[in-house]
K.L.:
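Below is one structure. I have some questions about it.
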Amino acid sequence: MSLVIRNLQRVIPIRRAPLRSKIEIVRRILGVQKFDLGIICVDNKNIQHINRIYRDRNVPTDVLSFPFHEHLKAGEFPQPDFPDDYNLGDIFLGVEYIFHQCQENEDYNDVLTVTATHGLCHLLGFTHSTEAEWQQMFQKEKAVLDELGRRTGTRLQPLTRGLFGGS
């Protein structure tokens, strides 16, 4: 099924082709390539607005995930009854926020891939409200990113900022 990447901001240049190719591989690694997925790139103003509306947090952030199948347990796959239900949901990437959070030694496009992978894990029921949930999510992200590295030659690490709680 389709992967749609929309760039709805003009603050930070986005190279969609490399992001698309890596997220297509991530979808195959996770076994969810038959599900639709939307990735929407937005600036700080828009991610802050979405964060305020849906999470009651009036600050910009790196990623917000909106699952189509809301009650999955960590690692469960959706079980669609109808063709239109082959949808994972949408991931909003706060690309301006992500860009400004990058360390000097980090490649911005790699950080986008890691952040989108984090969002995709959220769509599959992973959370990090407790340390145990964070550990489970971290291990999943690490396994996926390690396999992505084997397939592409990149060395990516899961998100670790804030340990657990939050986004």
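As the structure is a computational prediction, the values presented were derived from the model and not from experiment.
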K.L.:
Does any N or O in the side chain of R16 come within less than 3.5 Å of the main-chain N or O of I5, such that one atom is a donor and the other an acceptor?
P.N.:
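Yes: the side chain of R16 pairs with the backbone of I5.
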
K.L.:
Could you grab the distance from atom CG of L123 to atom CD of E70, nearest 0.5 Å is fine?
P.N.:
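Rounded to the nearest 0.5 Å, the CG-CD separation comes to 11.0 Å.
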
K.L.:
I50, V59: one ILVMFWY side-chain cluster at the under-4.5 Å cut-off?
P.N.:
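No; tracing contacts between hydrophobic side chains, which count when under 4.5 Å, never links both residues.
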
K.L.:
For the residue pair S2 and D36, what are the closest heavy atoms and their distance?
P.N.:
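Heavy atoms of S2 and D36 come nearest at N-OD1, 2.9 Å.
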
K.L.:
Nearest 0.5 Å, what's the OG1-NZ distance between T117 and K142?
P.N.:
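Between T117 OG1 and K142 NZ, I get 13.5 Å after rounding to 0.5 Å.
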
K.L.:
Going by atom types only, do N46 and Q9 share a side-chain donor-acceptor pair under 3.5 Å?
P.N.:
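Per modelled atom types, N46 and Q9 side chains form no pair under 3.5 Å.
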
K.L.:
Does the side chain of T61 pick up a donor-acceptor pair with the side chain of N51 at under 3.5 Å?
P.N.:
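The criterion, which ignores hydrogens and geometry beyond distance, is not satisfied for N51 and T61.
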
K.L.:
Before we go on, tell me: are the rings of F68 and F35 under 6.0 Å apart, centre to centre?
P.N.:
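Ring centres of F35 and F68 not closer than 6.0 Å.
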
K.L.:
Once rounded to the nearest 0.5 Å, what's the spacing between atom SG of C41 and atom CD1 of I14?
P.N.:
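Rounded to the nearest 0.5 Å, the SG-CD1 separation comes out at 4.5 Å.
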
K.L.:
Please give me the minimum heavy-atom distance between H128 and H118, naming the atom from each residue.
P.N.:
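Scanning both residues, the minimum pair turns out to be NE2-NE2, 3.3 Å.
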
K.L.:
Would you indicate whether the side-chain heavy atoms of L145 and P158 approach each other to under 4.5 Å?
P.N.:
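They are in contact (side-chain heavy atoms under 4.5 Å apart), so the answer is yes.
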
K.L.:
Tell me whether V4 shares a hydrophobic cluster with L112, the cluster being built from Ile, Leu, Val, Met, Phe, Trp, Tyr side chains joined at under 4.5 Å.
P.N.:
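No, because V4 and L112 fall into different hydrophobic clusters, even though each may have its own neighbours under 4.5 Å.
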
K.L.:
At their closest point, which heavy atom of L159 faces which heavy atom of F138, and how far apart are they?
P.N.:
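Smallest heavy-atom distance, with atoms named: O-CD1, 4.0 Å.
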
K.L.:
Which atoms form the tightest heavy-atom contact between L120 and R27, and what is the distance?
P.N.:
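Shortest heavy-atom separation between L120 and R27 comes out as CD2-CG, 4.2 Å.
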
K.L.:
Say you draw a straight line from CG of L93 to CG of L64; how long is it, rounded to the nearest 0.5 Å?
P.N.:
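The CG atom of L93 sits 9.5 Å away from the CG atom of L64.
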
K.L.:
Run the side-chain contact (heavy atoms from CB on, under 4.5 Å) check on I29 and I25 step by step: do they pass?
P.N.:
CA-CA 6 Å; I29 292 167; I25 295 169; 3.8 Å; yes

K.L.:
Verify, without hydrogens or angle tests, whether Q139 (side chain) and Q136 (backbone) share a donor-acceptor contact under 3.5 angstrom.
P.N.:
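No; zero donor-acceptor contacts below 3.5 Å.
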
K.L.:
Measure the CG-NE2 distance between D62 and H100 for me, rounded to the nearest 0.5 Å.
P.N.:
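D62 atom CG to H100 atom NE2 measures 13.5 Å (nearest 0.5 Å).
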
K.L.:
Report the C-alpha separation of T127 and M137 in whole Å, then their side-chain angles, then the decisive distance to 0.1 Å, and conclude whether the side-chain contact (heavy atoms from CB on, under 4.5 Å) test is met.
P.N.:
CA-CA 7 Å; T127 63; M137 186 170 185; 5.7 Å; no

K.L.:
Apply side-chain contact (heavy atoms from CB on, under 4.5 Å) to residues K22 and D110 and explain how you reach the verdict.
P.N.:
CA-CA 9 Å; K22 287 189 176 157; D110 286 346; 3.3 Å; yes

K.L.:
Are the side chains of V111 and D107 in contact, using a 4.5 Å heavy-atom criterion?
P.N.:
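When only atoms from C-beta onward are counted, V111 and D107 do not touch, as no gap falls below 4.5 Å.
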
K.L.:
F126 versus E133: any side-chain heavy-atom pair under 4.5 Å?
P.N.:
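Heavy-atom side-chain distance check fails, nothing below 4.5 Å.
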
K.L.:
Would you say that L3 contacts I39 through its side chain, given a criterion of any heavy-atom pair below 4.5 Å between the two side chains?
P.N.:
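Side chain of L3 against side chain of I39, heavy atoms only: contact under 4.5 Å found.
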
K.L.:
Do I91 and I40 touch side chain to side chain, with heavy atoms closer than 4.5 Å?
P.N.:
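In short, these two side chains do not touch, never coming nearer than 4.5 Å.
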
K.L.:
Looking at R15, I'd like to know if its CZ atom is crowded, meaning that more than 12 non-hydrogen atoms belonging to other residues, nucleotides or ligands lie closer than 6.0 Å.
P.N.:
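Incorrect, the count does not exceed 12.
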
K.L.:
Run the salt-bridge test on R155 and D146 with the 4.0 Å N-O cut-off and return the result as yes or no.
P.N.:
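No, this pair does not count.
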
K.L.:
Counting only heavy atoms not in R151, do more than 12 sit closer than 6.0 Å to its CZ atom?
P.N.:
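Counting other residues, nucleotides and ligands, CZ of R151 exceeds 12 neighbours.
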
K.L.:
Taking atom CG of D56 as the centre, does the number of heavy atoms from other residues, nucleotides or ligands within less than 6.0 Å exceed 12?
P.N.:
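No, because the 6.0 Å sphere around CG of D56 holds 12 heavy atoms or fewer from other groups.
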
K.L.:
Indicate whether the side chain of T154 and that of T152 have a donor and an acceptor atom separated by less than 3.5 Å.
P.N.:
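Side chains of T154 and T152: pair found under 3.5 Å.
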
K.L.:
Side-chain contact test, heavy atoms from C-beta onward, threshold under 4.5 Å: evaluate it for V95 versus Y108 and give yes or no.
P.N.:
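Yes. Closest side-chain heavy atoms under 4.5 Å.
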
K.L.:
Which pairs of donor and acceptor atoms, one on a side chain in residues 72-89, lie under 3.5 Å apart (sequence neighbours left out)?
P.N.:
residue	atom	partner	partner atom	Å
E76	OE1	K73	N	3.1
Q79	NE2	F77	O	3.2
N87	OD1	G89	N	2.8

K.L.:
Would you mind reporting whether K140 and L30 have side-chain heavy atoms less than 4.5 Å apart?
P.N.:
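They are in side-chain contact.
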
K.L.:
At their closest point, which heavy atom of I23 faces which heavy atom of A116, and how far apart are they?
P.N.:
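The pair with the smallest heavy-atom distance is CD1-CB, 3.6 Å.
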
K.L.:
Would you please name every residue forming a salt bridge (Lys or Arg N to Asp or Glu O under 4.0 Å) with R150, sequence neighbours left out?
P.N.:
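By the salt bridge (Lys or Arg N to Asp or Glu O under 4.0 Å) rule, R150 matches E147.
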
K.L.:
Any luck finding a side-chain donor-acceptor pair between E131 and Q135 under 3.5 Å?
P.N.:
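Note: E131 and Q135 side chains miss the donor-acceptor criterion.
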
K.L.:
Decide yes or no for P18 and N109: does some side-chain heavy atom of the first lie under 4.5 Å from some side-chain heavy atom of the second?
P.N.:
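They are not in contact (no side-chain heavy atoms under 4.5 Å apart), so the answer is no.
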
K.L.:
Using every non-hydrogen atom in the two residues, find where V114 and L156 come nearest and quote the distance to one decimal.
P.N.:
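Heavy atoms only, the tightest pair is CG2-CB, 3.8 Å.
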
K.L.:
Hey, is NE2 on H49 packed in by over 12 heavy atoms from elsewhere, all under 6.0 Å?
P.N.:
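Not more than 12 within 6.0 Å, no.
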
